[in-house]
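One structure is given here, and the rest of the page talks about it.
Quick note on labels: first sequence line is chain A, next is B, and so on, each numbered from 1. Values below: all heavy atoms of this structure, side chains included; hydrogens, waters and symmetry mates excluded.
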Amino acid sequence: MENREIAAVFEEISNLMKILQDDPKWTFKSAAYDRAKRSIEGISERLEDIARDPNRKLTDIPCIGEDLAGKIKELVETGKSKYHQEQLSKVPRSLLDLLQLQTVGPQKVRLFYQELGIKTVDELEAAAKAGRLQTLPKMDVKSEENILKAIETFRRAAGRFRLDVADAVATELSEYLRRHKAVEEVTPAGSLRRGRETIGDLDLLVIGRDAASIAEHMTRYAGITQVLAKGEDKVSVKLENQMQVDVRMLERKSYGAALMYFTGSKEHNVALRDRAKRRGWKLSEYGLFHGERVIAAKTEEEVYKKLGLDLIPPEIRENLGEIEAAEERRLPKLVELEEIRGDLQMHTSASDGHTSVEEMAAAAKA
DNA sequence: GCCGTTTTCGGCCCGACTGTTTTCAGTCG
Ligand SMILES: Nc1nc2c(ncn2[C@H]2C[C@H](O)[C@@H](COP(=O)(O)OP(=O)(O)OP(=O)(O)O)O2)c(=O)[nH]1
Ligand SMILES: [Mg+2]
Ligand SMILES: [Mg+2]
């Protein structure tokens, strides 16, 4: 069984828990399955190999404890997890699709299912078109329209974008934003700044004087098909190529804390905020605070320093040990673009090449 | 369900936007 299949099972368990809500600690357990899923996705080695190796421990993997190690073993050995199957048997599996829709979370999935017996996206669409959703508590015409839009988006299933594609869009949008006179600085953040291979959406941090007029400027960009949300501090839009763009406006005095927040990852942010909290402080996108007093906010380096950490490069901000390394001043020195002299790839007779490693080496020497 | 320079039990990040909330719930970043 492949890692991504195991991750998919954990994701389903997490989502089923949110829908079922029959475990008193479902919020935390669901989050634990989520973290385990993300942790597994970041591992290059096959879990199956670790599970079968008597000298290795699955519990050495972050966010995997005794229980989840057992479930991984069970999945590797039998291809199934009893607990997963049990949870699946309680509700129709298609409810998991509903949870993928924007503006539809666990509470609404439960509401639609319990009140109207809605099990599938098609059934939800029919109910929305018939105006049956707006009669429900916490619902109205607008949220019903939003759901119909979300269903359209879901059917087009944009998926994730390659880093270079997202980078090109970010460059163009940044140029557009900078044309507005209230904009002082635009910094691409999120998974793009972390240099991930694929990008789910574009996150742009904008420093400027007049957030409201910047938001207005953003929503007038020509390539926009839908404005998902627009408030005083942030705007979310959908572009023609189905890419979502989240634009967050903040003041320059918060630049460092803001960039840390918007660069993430989520897991890294949660770990840092927890660390601040333990020290009696509070960390948010506005800064690091002791009560009302600002301890640090202007630069990333200052905020990390006050937290007792060396500046962590965006590429490794995943809460997979980098915080401990930064604390002990043993962060790795990452390879820089200028240091890359070229790209070399060779196939030898060990796989599908024609000559042996020895012959290749001899030819290279000659 | 995981995890530990305050804990092996008892916590688990913090804030913006939307809708109708009249004091907040749900969803999302
Ligand atoms: N503190 C905190 N920050 C969050 C949370 N969710 C997202 N963020 C921050 C960190 C993320 O890197 C950043 C952008 O959110 P995204 O959902 O776009 O995630 P990201 O860009 O990391 O990945 P993506 O490729 O878009 O799926 O916002 C959260 O629940 N808490
Ligand atoms: Mg993103
Ligand atoms: Mg985003």
Its contact letters, B for base, S for sugar-phosphate only and - for none at protein heavy atoms under 4.0 Å, make nucleotides 2-12 of chain B read SS--BB---BB

Reading nucleotides 20-29 of chain B 5' to 3', which nucleotides get B (base under 4.0 Å from a protein heavy atom), which S (sugar-phosphate only), which -? S----SSSSB

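Nucleotides dT5(B) and dC12(B) are separated by 15 Å at their P atoms, to the nearest Å. Comparing the same atom, P, in dC9(B) and in dC14(B) gives a spacing of 25 Å after rounding to whole Å.
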Between side-chain atoms of residues 110-121 of chain A and protein atoms elsewhere (two or more places apart, or another chain), which donor-acceptor pairs fall under 3.5 Å?
residue: Arg110(A); atom: NH1; partner: Ile19(A); partner atom: O; Å: 2.7
residue: Arg110(A); atom: NH1; partner: Leu20(A); partner atom: O; Å: 3.0
residue: Thr120(A); atom: OG1; partner: Glu123(A); partner atom: N; Å: 3.1

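No donor-acceptor contact under 3.5 angstrom links the side chains of Ser356(A) and Thr348(A), judged on distance only.
Hydrophobic side-chain contacts under 4.5 Å tie Tyr304(A) into a cluster, directly or through other members, with Met260(A), Leu272(A), Trp281(A), Leu283(A), Leu288(A), Ile295(A), Val303(A), Leu307(A), Leu309(A), Leu311(A), Ile312(A), Ile316(A), Ile323(A), Leu331(A), Leu334(A).
For residues 128-172 of chain A, there are no ring pair (Phe, Tyr, Trp, His ring centres under 6.0 Å) pairs, not counting sequence neighbours.
Leu283(A) comes within 4.0 angstrom of the backbone, heavy atoms only, and of no base. Contact annotation for Lys71(A): backbone-only contact, meaning every heavy-atom pair under 4.0 Å involves sugar-phosphate atoms and none involves a base.
The nearest whole Å value for the distance from the CD1 atom in Ile72(A) to the P atom in dG1(B) is 13 Å.
The side chain to side chain contact (heavy atoms under 4.5 Å, CB included) test applied to Thr153(A) returns Gln226(A), Lys238(A), not counting sequence neighbours.
Of the possible polar contacts, none joining the Glu267(A) side chain to the Asn319(A) backbone as a donor-acceptor pair under 3.5 Å is found.
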